[in-house]
Chemist: 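Below is a structure I'd like to ask you about.
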Amino acid sequence: MTGWGALEAELAHWDAPPTMWWRDDDAQAASPALDRLIAQAERAGAPLHLGVIPEGLSDTLRDRLERAEDVWVLQHGLRHKNHEPKGLRPSEIGESRDLALQRADLAEGWAALQGMPRLLPVIAPPWNRIGAATARALPGWGYTLLTTHGPRAEQEAVPGLMRVNLHFDPIRWKGGAHFRGVEGTLKSLVAHLAYRRKNDRDEPTGLTTHHLQTDDATWAFQDALLDRLAGRVRWVRLADRMEGTWST
(Lines give C-alpha, C1' and ligand atoms only; values in the text may rest on other atoms or scores of the structure.)
Protein backbone atom coordinates (compact mmCIF):
# COMPACT_ATOMS: atom_id res chain seq x y z
CA MET A 1 0.00 0.00 0.00
CA THR A 2 1.31 3.46 -0.90
CA GLY A 3 0.34 7.12 -0.79
CA TRP A 4 -2.75 8.26 1.08
CA GLY A 5 -3.83 4.66 1.67
CA ALA A 6 -0.56 3.91 3.45
CA LEU A 7 -0.99 6.98 5.64
CA GLU A 8 -4.53 5.98 6.59
CA ALA A 9 -3.37 2.45 7.39
CA GLU A 10 -0.55 3.69 9.61
CA LEU A 11 -2.76 6.14 11.49
CA ALA A 12 -5.20 3.32 12.17
CA HIS A 13 -2.48 1.60 14.23
CA TRP A 14 -2.39 4.49 16.73
CA ASP A 15 -4.67 4.30 19.74
CA ALA A 16 -4.23 8.07 20.27
CA PRO A 17 -3.36 10.77 17.72
CA PRO A 18 0.41 10.88 17.11
CA THR A 19 2.15 14.19 17.74
CA MET A 20 3.62 16.25 14.90
CA TRP A 21 5.49 19.53 14.65
CA TRP A 22 6.19 21.98 11.81
CA ARG A 23 9.33 23.94 10.92
CA ASP A 24 9.74 26.27 7.95
CA ASP A 25 13.16 27.72 7.07
CA ASP A 26 14.91 30.73 5.56
CA ALA A 27 12.60 33.50 6.80
CA GLN A 28 14.04 37.02 6.76
CA ALA A 29 11.15 39.29 5.78
CA ALA A 30 7.39 39.41 5.47
CA SER A 31 6.08 38.23 2.11
CA PRO A 32 2.91 36.93 0.46
CA ALA A 33 4.39 33.41 0.68
CA LEU A 34 4.86 33.80 4.44
CA ASP A 35 1.29 35.04 4.78
CA ARG A 36 0.10 31.96 2.90
CA LEU A 37 2.16 29.69 5.12
CA ILE A 38 0.87 31.25 8.33
CA ALA A 39 -2.69 31.01 7.04
CA GLN A 40 -2.20 27.29 6.33
CA ALA A 41 -0.87 26.68 9.83
CA GLU A 42 -3.66 28.67 11.45
CA ARG A 43 -6.34 26.74 9.53
CA ALA A 44 -4.77 23.49 10.69
CA GLY A 45 -4.39 24.66 14.29
CA ALA A 46 -0.68 23.90 14.00
CA PRO A 47 2.02 25.89 15.82
CA LEU A 48 4.56 27.07 13.24
CA HIS A 49 8.30 27.26 13.91
CA LEU A 50 10.30 29.58 11.64
CA GLY A 51 14.01 29.06 11.08
CA VAL A 52 15.04 32.72 10.73
CA ILE A 53 18.29 33.82 9.05
CA PRO A 54 19.55 36.69 11.25
CA GLU A 55 21.76 38.49 8.74
CA GLY A 56 19.63 40.66 6.52
CA LEU A 57 16.67 40.36 8.87
CA SER A 58 13.93 42.85 8.01
CA ASP A 59 11.76 44.67 10.52
CA THR A 60 8.83 43.57 8.36
CA LEU A 61 9.23 40.03 9.68
CA ARG A 62 9.05 41.15 13.30
CA ASP A 63 6.02 43.30 12.53
CA ARG A 64 4.28 40.40 10.76
CA LEU A 65 4.97 37.96 13.58
CA GLU A 66 3.64 40.43 16.13
CA ARG A 67 0.27 39.84 14.43
CA ALA A 68 0.59 36.04 14.55
CA GLU A 69 -0.48 34.05 17.57
CA ASP A 70 1.41 30.75 17.41
CA VAL A 71 4.52 31.31 15.29
CA TRP A 72 7.85 30.67 17.02
CA VAL A 73 11.31 31.87 15.98
CA LEU A 74 14.34 29.56 15.84
CA GLN A 75 17.88 30.63 14.95
CA HIS A 76 18.88 29.44 11.47
CA GLY A 77 22.61 30.06 11.72
CA LEU A 78 23.80 33.57 10.90
CA ARG A 79 23.84 34.09 7.13
CA HIS A 80 23.17 30.59 5.67
CA LYS A 81 26.69 30.48 4.25
CA ASN A 82 28.62 27.26 3.63
CA HIS A 83 31.99 27.10 5.39
CA GLU A 84 32.91 23.52 4.53
CA PRO A 85 35.68 22.91 1.96
CA LYS A 86 34.90 21.75 -1.55
CA GLY A 87 34.01 18.07 -1.63
CA LEU A 88 32.22 18.06 1.74
CA ARG A 89 28.50 18.51 2.21
CA PRO A 90 27.58 22.14 2.99
CA SER A 91 27.26 23.37 6.55
CA GLU A 92 27.55 26.76 8.21
CA ILE A 93 28.49 25.25 11.58
CA GLY A 94 30.16 22.03 10.48
CA GLU A 95 33.27 20.06 11.31
CA SER A 96 35.86 22.13 9.47
CA ARG A 97 35.45 25.69 10.76
CA ASP A 98 37.17 27.04 13.84
CA LEU A 99 34.87 26.75 16.86
CA ALA A 100 35.61 30.30 18.05
CA LEU A 101 34.48 31.69 14.70
CA GLN A 102 31.31 29.62 14.88
CA ARG A 103 30.59 30.90 18.36
CA ALA A 104 31.10 34.49 17.23
CA ASP A 105 28.71 33.99 14.29
CA LEU A 106 26.00 32.43 16.42
CA ALA A 107 26.34 35.15 19.05
CA GLU A 108 26.00 37.80 16.35
CA GLY A 109 22.93 36.04 14.98
CA TRP A 110 21.34 35.67 18.41
CA ALA A 111 21.86 39.38 19.10
CA ALA A 112 20.19 40.26 15.78
CA LEU A 113 17.13 38.18 16.72
CA GLN A 114 16.48 39.99 19.99
CA GLY A 115 13.07 41.63 19.96
CA MET A 116 11.56 38.95 17.71
CA PRO A 117 8.29 37.63 19.18
CA ARG A 118 8.32 34.12 20.63
CA LEU A 119 12.07 33.64 20.16
CA LEU A 120 13.38 30.29 21.43
CA PRO A 121 17.02 29.35 22.26
CA VAL A 122 16.96 26.72 19.53
CA ILE A 123 19.51 26.07 16.78
CA ALA A 124 18.10 24.95 13.43
CA PRO A 125 21.32 24.59 11.42
CA PRO A 126 21.31 25.53 7.75
CA TRP A 127 21.30 22.34 5.68
CA ASN A 128 20.45 20.53 8.97
CA ARG A 129 24.13 19.81 9.54
CA ILE A 130 26.24 20.58 12.59
CA GLY A 131 29.68 19.51 13.74
CA ALA A 132 29.95 17.25 16.77
CA ALA A 133 32.17 19.74 18.63
CA THR A 134 29.71 22.53 17.89
CA ALA A 135 26.80 20.50 19.26
CA ARG A 136 28.75 19.80 22.45
CA ALA A 137 29.39 23.52 22.87
CA LEU A 138 25.82 24.71 22.35
CA PRO A 139 24.59 24.35 25.97
CA GLY A 140 27.47 26.52 27.15
CA TRP A 141 26.51 29.10 24.55
CA GLY A 142 22.98 29.33 25.93
CA TYR A 143 21.04 27.02 23.59
CA THR A 144 18.77 24.33 24.96
CA LEU A 145 17.47 22.49 21.87
CA LEU A 146 18.89 21.34 18.54
CA THR A 147 16.82 20.34 15.54
CA THR A 148 18.23 18.64 12.45
CA HIS A 149 16.86 15.88 10.20
CA GLY A 150 16.15 12.18 10.60
CA PRO A 151 15.07 9.86 13.42
CA ARG A 152 17.08 10.89 16.47
CA ALA A 153 19.36 8.41 18.18
CA GLU A 154 18.75 9.95 21.60
CA GLN A 155 16.52 12.50 23.31
CA GLU A 156 19.55 14.68 24.08
CA ALA A 157 22.11 15.49 21.41
CA VAL A 158 24.57 16.07 24.26
CA PRO A 159 23.88 16.54 27.99
CA GLY A 160 21.76 19.63 28.44
CA LEU A 161 20.78 19.89 24.77
CA MET A 162 17.39 18.45 23.78
CA ARG A 163 16.91 17.14 20.25
CA VAL A 164 13.71 17.18 18.20
CA ASN A 165 14.20 16.46 14.50
CA LEU A 166 12.48 16.77 11.14
CA HIS A 167 11.44 13.73 9.12
CA PHE A 168 9.74 14.57 5.84
CA ASP A 169 9.94 17.32 3.24
CA PRO A 170 7.54 17.80 0.31
CA ILE A 171 10.25 19.62 -1.68
CA ARG A 172 12.89 17.80 -3.70
CA TRP A 173 16.00 19.95 -4.01
CA LYS A 174 18.07 18.15 -6.62
CA GLY A 175 17.80 19.99 -9.91
CA GLY A 176 16.08 22.97 -8.30
CA ALA A 177 13.29 23.10 -5.73
CA HIS A 178 10.16 21.30 -6.91
CA PHE A 179 7.42 19.10 -5.48
CA ARG A 180 8.71 15.69 -4.44
CA GLY A 181 5.38 14.08 -5.28
CA VAL A 182 2.64 12.54 -3.19
CA GLU A 183 4.15 9.06 -3.08
CA GLY A 184 7.67 10.15 -2.16
CA THR A 185 6.59 12.61 0.50
CA LEU A 186 4.08 10.31 2.17
CA LYS A 187 6.55 7.42 2.12
CA SER A 188 8.86 9.39 4.43
CA LEU A 189 5.98 10.49 6.66
CA VAL A 190 4.60 6.97 7.04
CA ALA A 191 8.07 5.51 7.60
CA HIS A 192 8.70 7.79 10.57
CA LEU A 193 5.29 7.24 12.10
CA ALA A 194 5.87 3.48 11.90
CA TYR A 195 9.40 3.81 13.30
CA ARG A 196 8.38 5.89 16.29
CA ARG A 197 5.36 3.72 17.05
CA LYS A 198 7.86 0.94 17.80
CA ASN A 199 10.86 2.94 19.03
CA ASP A 200 10.41 6.55 20.20
CA ARG A 201 6.87 7.82 20.64
CA ASP A 202 8.13 10.91 22.46
CA GLU A 203 9.61 12.55 19.35
CA PRO A 204 6.92 14.22 17.23
CA THR A 205 7.09 13.60 13.50
CA GLY A 206 8.55 16.73 11.93
CA LEU A 207 7.29 18.43 8.76
CA THR A 208 9.82 20.74 7.10
CA THR A 209 8.81 23.36 4.54
CA HIS A 210 10.40 26.35 2.79
CA HIS A 211 7.78 28.97 1.97
CA LEU A 212 10.01 30.94 -0.41
CA GLN A 213 10.72 27.87 -2.56
CA THR A 214 7.21 26.35 -2.49
CA ASP A 215 5.63 25.87 -5.92
CA ASP A 216 1.93 25.54 -6.67
CA ALA A 217 1.99 21.73 -6.56
CA THR A 218 3.64 21.77 -3.15
CA TRP A 219 1.19 24.31 -1.73
CA ALA A 220 -1.68 22.15 -2.98
CA PHE A 221 -0.17 19.04 -1.38
CA GLN A 222 0.29 20.83 1.93
CA ASP A 223 -3.37 21.84 1.89
CA ALA A 224 -4.43 18.26 1.13
CA LEU A 225 -2.13 16.82 3.80
CA LEU A 226 -3.36 19.17 6.50
CA ASP A 227 -6.96 18.32 5.61
CA ARG A 228 -6.18 14.59 5.86
CA LEU A 229 -4.44 15.01 9.20
CA ALA A 230 -7.17 17.14 10.78
CA GLY A 231 -8.33 15.42 13.95
CA ARG A 232 -5.94 12.52 13.29
CA VAL A 233 -2.73 14.03 14.73
CA ARG A 234 -1.88 16.50 17.49
CA TRP A 235 0.33 19.42 16.53
CA VAL A 236 2.79 20.48 19.24
CA ARG A 237 5.18 23.36 19.90
CA LEU A 238 8.84 23.12 20.94
CA ALA A 239 8.24 25.63 23.73
CA ASP A 240 6.19 23.02 25.58
CA ARG A 241 9.04 20.53 25.34
CA MET A 242 11.48 23.10 26.69
CA GLU A 243 9.17 24.04 29.56
CA GLY A 244 8.71 20.43 30.57
CA THR A 245 5.01 20.37 29.71
CA TRP A 246 5.40 18.07 26.67
CA SER A 247 2.91 15.21 26.58
CA THR A 248 2.83 12.30 24.18
Side-chain angles (χ1 to χ4, degrees), residues 16-27 41 46-54 65 70-78 80 91-95 99 102-103 105-107 109-111 113-114 116-169 188-189 191-209 233-248:
T19 49
M20 292 186 64
W21 79 289
W22 188 346
R23 179 183 129 199
D24 184 277
D25 283 348
D26 302 344
L48 181 64
H49 302 78
L50 284 184
V52 175
I53 302 172
L65 298 188
D70 208 1
V71 182
W72 302 79
V73 173
L74 317 179
Q75 185 175 350
H76 199 44
L78 171 61
H80 210 301
S91 176
E92 189 171 37
I93 48 175
E95 300 286 353
L99 204 58
Q102 294 190 42
R103 181 177 188 177
D105 274 3
L106 292 181
W110 182 251
L113 292 174
Q114 299 309 298
M116 292 295 290
R118 295 172 296 280
L119 173 63
L120 299 175
V122 174
I123 287 293
W127 296 283
N128 285 308
R129 299 190 188 103
I130 184 170
T134 311
R136 288 193 296 270
L138 287 179
W141 297 349
Y143 300 97
T144 58
L145 192 146
L146 169 67
T147 169
T148 57
H149 182 82
R152 63 187 183 183
E154 65 290 304
Q155 294 190 17
E156 287 189 317
V158 297
L161 185 68
M162 294 172 278
R163 182 189 286 276
V164 180
N165 282 352
L166 301 164
H167 308 98
F168 73 108
D169 184 348
S188 297
L189 167 56
H192 186 255
L193 286 171
Y195 169 84
R196 60 179 289 211
R197 180 163 49 87
K198 302 171 184 177
N199 297 281
D200 184 5
R201 286 188 176 232
D202 180 70
E203 183 181 31
T205 298
L207 164 63
T208 175
T209 59
V233 304
R234 183 165 60 86
W235 294 96
V236 297
R237 58 186 63 83
L238 294 184
D240 293 336
R241 175 68 175 89
M242 298 164 73
E243 293 171 1
T245 57
W246 192 281
S247 63
T248 58

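In what follows, residues are counted from 1 in the order of the sequence shown.
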Chemist: Taking all non-hydrogen atoms of both residues into account, name the closest pair between Pro151 and Asn165 and its distance.
Modeler: C-ND2, 4.3 Å
Chemist: Answer whether the closest heavy-atom distance between the side chains of Trp141 and Thr134 falls below 4.5 Å.
Modeler: yes
Chemist: I'd like to know if the side chain of Thr147 reaches the main chain of Val164, judged simply by a donor and an acceptor atom lying under 3.5 Å from each other, with no hydrogens or angles considered.
Modeler: yes
Chemist: Taking His49 for its side chain and Leu238 for its backbone only, find out whether a donor-acceptor pair lies under 3.5 Å.
Modeler: yes
Chemist: Which heavy atom of Leu161 sits nearest to which heavy atom of Ala135, and what is that distance?
Modeler: CD2-O, 3.6 Å
Chemist: Evaluate the side chain to side chain donor-acceptor pair (under 3.5 Å) criterion for residues His167 and Thr205: first the C-alpha distance (whole Å), next the side-chain angles of each, then the deciding distance (0.1 Å), finally the verdict.
Modeler: CA-CA 6 Å; His167 308 98; Thr205 298; 5.0 Å; no
Chemist: At their closest point, which heavy atom of Asp202 faces which heavy atom of Arg152, and how far apart are they?
Modeler: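 Shortest heavy-atom contact: OD2-NH2, 3.0 Å.
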Chemist: Starting at CG of Leu193, measure out to CZ of Phe168 and round the result to the nearest 0.5 Å.
Modeler: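 If I round to the nearest 0.5 Å, the distance is 8.0 Å.
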Chemist: What closest approach, in Å, do Gly94 and Gln102 show between heavy atoms, and which atom pair accounts for it?
Modeler: O-NE2, 3.0 Å
Chemist: Does the side chain of Pro121 come within less than 4.5 Å of Trp110's, by heavy atoms?
Modeler: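 Contact flag for Trp110/Pro121 side chains = yes.
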Chemist: Let me confirm one number: the CG-CG distance from Leu189 to Asp169, rounded to the nearest 0.5 Å.
Modeler: 12.0 Å
Chemist: Mind checking whether Val236 and Arg241 have side chains closer than 4.5 Å, heavy atoms only?
Modeler: no
Chemist: Between Met162 and Met242, is the side chain to side chain contact (heavy atoms under 4.5 Å, CB included) condition met? List the steps.
Modeler: CA-CA 8 Å; Met162 294 172 278; Met242 298 164 73; 3.7 Å; yes
Chemist: Tell me if a side-chain donor or acceptor on Arg163 pairs with a main-chain N or O of Ala153 at a distance below 3.5 Å.
Modeler: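 Not at all, since once roles are kept as given, no pair shorter than 3.5 Å links the two residues.
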Chemist: Are any side-chain N or O atoms of Glu95 and backbone N or O atoms of Gly131, one a donor and one an acceptor, separated by less than 3.5 Å?
Modeler: no
Chemist: What's the spacing between Arg136 CZ and Ile130 CD1 if we round to 0.5 Å?
Modeler: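 So the gap between those two atoms works out to 10.5 Å.
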Chemist: Are the side chains of Leu138 and Val158 in touch, meaning some heavy atoms are under 4.5 Å apart?
Modeler: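 Contact flag for Leu138/Val158 side chains = no.
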Chemist: Check Glu92 against Gly77 and note the closest heavy-atom contact, atom names and distance.
Modeler: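 For Glu92 versus Gly77, the nearest heavy atoms are OE1-CA, 3.3 Å.
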Chemist: Identify the heavy atoms of Glu203 and Gly150 that sit nearest to each other, and give their distance.
Modeler: OE2-O, 4.5 Å
Chemist: Working to the nearest 0.5 Å, report the span between CZ of Arg118 and CG of Leu48.
Modeler: 10.0 Å
Chemist: With Arg23 as reference, evaluate Thr208, Asn128, Thr209 under the side chain to side chain donor-acceptor pair (under 3.5 Å) test and give the passing residue.
Modeler: Asn128
Chemist: If you round to the nearest 0.5 Å, how far is NE2 of His192 from CE of Met20?
Modeler: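 Here the rounded value is 10.0 Å.
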Chemist: Assign the ring pair Trp22 / Trp235 to parallel, tilted or perpendicular, where the plane angle (0 to 90°) is split at 30° and 60°.
Modeler: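 Trp22 and Trp235: tilted rings.
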Chemist: Rounded to the nearest 0.5 Å, what's the gap from NE2 on His76 to CG on Asp25? Could you check?
Modeler: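 His76 NE2 to Asp25 CG: 4.0 Å, rounded to 0.5 Å.
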Chemist: Between Gln75 (side chain only) and Leu106 (backbone N and O only), is there a donor and an acceptor less than 3.5 Å apart?
Modeler: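 Looks like yes, one N/O pair under 3.5 Å.
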